[in-house]
2 protein chains.
Amino acid sequence: MLPQPHETSAIRIALESVGCRCTQQRVAVLGHLVQADGHPTADDVFQAVKLLIPSISLATVYKSLETLVTAGLATRLQGDTGLVPARYEVRGHGHHHLRCLKTGRVDDVPMNFDPELIAKLDPEIESRLRHQGFKLTGYRLELLGYYEQADSREVEPS
Amino acid sequence: MLPQPHETSAIRIALESVGCRCTQQRVAVLGHLVQADGHPTADDVFQAVKLLIPSISLATVYKSLETLVTAGLATRLQGDTGLVPARYEVRGHGHHHLRCLKTGRVDDVPMNFDPELIAKLDPEIESRLRHQGFKLTGYRLELLGYYEQADSREVEPS
DNA sequence: CTGTCTGCAAAACTTTTGCAAGAGA
DNA sequence: TCTCTTGCAAAAGTTTTGCAGACAG
């Protein structure tokens, strides 16, 4: 039902591999997440997927996103305040986030997940990881600041 | 009006130094943030401050917290979903957050804010910072994982 | 055929806002 | 006094839930 059947099958495989039922709604939601290079909100996903499945509801998009996040296929990036919607992205090879405080735009920066590097950041962190039994499964690094040139767009893509 | 007048005066000085009016509400809110060692939500602050100022309203707590954050005296840690309330903390010497995925507990880890160290984390980050005009004003590092011993409490303090 | 998922509408909840009354400087 | 702040109540906005019908496996 999606325009790109070959991508669709990769998505179906991903869903099946984590034990999810392959509904067209989930395929479409995950498909949009894969194809979107920005960080769409639930409503962004809803608007996009509605073009493929006009009958889909926003609640279903939320449920699908939650399913994907729980299954480890997607990640939720929370908004800054409670009224700012959360944003979602496919969980591929991780990356850091560069958040522009002027425009709200969020950029990805490819990340090498290296616990050793993180441990070296600070002796205190090293102590937690080595001596206090904290097992590190991942980390989120968000860099806050702003672009000095004016070429940062007002709104992030997608 | 607060039980500890000496702490109160330090708080008043902090408020004045950023050009805020010293209302008893703001003094009490900031005072609770200073004294709380966890990461209270707006409602936590409200409940605590109500003991000192019974007439205070939740909206005022929100407004005070926003004022403090804008003035740079406090920091907001957003919740994981939109319905999970944000948490607040005094902005002292920064720290990282160690979030236990089993219990939801969040620990602080003292941080040395050193852009050089961050730049060294990854060549890609370095490029952004040095060549693409992104001015770094801060960062948030959240370490995800879990404590292997069972001594991690079920709920974070306060 | 059976258990899971969807769609709808309403609820839940945090956070914000408007405005009159009150307090700080 | 004059402006900024509070308190109240209602609004705004995102996310969740309950339930009947639909669909995947």
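Values in this document were obtained by computation on a predicted structure and should not be read as measured data. Protein chains get the first letters and strands the later ones, always in sequence-line order, with residue 1 at the start of each.
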Given the rule that I, L, V, M, F, W and Y join up when any side-chain heavy atoms are under 4.5 Å apart, are A/Leu33 and A/Val18 in one cluster? yes

Is the phosphate of [N], meaning OP1 or OP2, less than 4.0 Å from a side-chain N or O of [X]?
X       : N      : value
B/Tyr62 : C/dT16 : no
B/Thr23 : D/dT6  : yes
A/Ser55 : C/dG7  : yes

Could you check B/Arg87 against B/Arg76 for side chain to side chain contact (heavy atoms under 4.5 Å, CB included), going step by step and ending with a plain yes or no? CA-CA 6 Å; B/Arg87 290 173 177 275; B/Arg76 184 201 328 245; over 6 Å; no

Please figure out whether B/Ala42 or B/Cys22 has its closest DNA chain C nucleotide nearer the 5' end. B/Ala42

Of all the choices, [options], which nucleotide is nearest to the side chain of [X] once you look at every atom?
X       : options               : value
B/Ala86 : D/dT15, C/dC5, C/dT15 : C/dT15
A/Arg26 : C/dT6, D/dT15, D/dT6  : C/dT6
B/Gln25 : D/dG7, D/dT16, C/dG7  : D/dG7

What contact category does B/Thr67 fall into here, base, sugar-phosphate, or nothing, at under 4.0 angstrom with non-hydrogen atoms? nothing

Base, sugar-phosphate alone, or nothing: which one does A/Thr60 contact when heavy atoms must sit under 4.0 Å apart?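 If one applies the 4.0 Å heavy-atom cut-off, A/Thr60 turns out to touch a base.
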
Taking [atom1] from [X] and [atom2] from [N], how many angstroms apart are they, rounded to a whole number?
X       : N      : atom1 : atom2 : value
B/Asp43 : C/dT15 : CG    : P     : 9 Å
A/Arg87 : D/dG13 : CZ    : C1'   : 15 Å
A/Phe46 : D/dT16 : CZ    : P     : 16 Å
A/Leu15 : C/dT4  : CG    : P     : 17 Å
A/Asp44 : D/dG13 : CG    : P     : 16 Å
B/Gln24 : D/dG7  : CD    : P     : 8 Å
A/Leu58 : C/dT6  : CG    : P     : 13 Å
A/Lys50 : C/dC8  : NZ    : P     : 10 Å

If each of A/Glu66 and B/Cys20 is mapped to the nucleotide of DNA chain D with the nearest heavy atom, which maps nearer the 5' terminus, i.e. the 5' end? B/Cys20

Distances under 3.5 Å between protein N/O atoms and the N/O atoms of nucleotides 18-21 of chain C, please, pair by pair.
unit_1: C/dG18; atom_1: O6; unit_2: B/Lys63; atom_2: NZ; d: 3.2

For a 4.5 angstrom cut-off between non-hydrogen side-chain atoms, does A/Ile53 reach A/Gln24?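 In contact.
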
So do the side chains of B/Lys50 and B/Gln47 get within less than 4.5 Å of each other, counting heavy atoms only?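 Yes, at least one pair of side-chain atoms sits under 4.5 Å.
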
Rounded at 0.5 Å granularity, tell me how far [atom1] in [X] sits from [atom2] in [Y].
X       : Y       : atom1 : atom2 : value
B/Leu30 : B/Thr67 : CG    : OG1   : 11.0 Å
A/Tyr88 : A/Asp44 : OH    : CG    : 11.5 Å
B/Ser9  : B/Glu16 : OG    : CD    : 10.0 Å

Output, in order, the C-alpha distance, side-chain angles, deciding distance and verdict of side chain to side chain contact (heavy atoms under 4.5 Å, CB included) for B/Val29 and B/Thr60. CA-CA 10 Å; B/Val29 166; B/Thr60 297; over 6 Å; no

Take B/Thr41 and B/Val45 through the test side chain to side chain contact (heavy atoms under 4.5 Å, CB included) and record every step on the way to the result. CA-CA 6 Å; B/Thr41 63; B/Val45 175; over 6 Å; no

In sequence, state the C-alpha distance, the side-chain angles, and the governing distance for A/Val27 and A/Arg12, and then conclude on side chain to side chain contact (heavy atoms under 4.5 Å, CB included). CA-CA 7 Å; A/Val27 170; A/Arg12 303 186 83 92; 4.0 Å; yes

Tabulate atom names and distances for all N/O pairs under 3.5 angstrom spanning the protein and nucleotides 1-3 of chain C.
unit_1: C/dG3; atom_1: N2; unit_2: A/Arg21; atom_2: NH1; d: 3.1

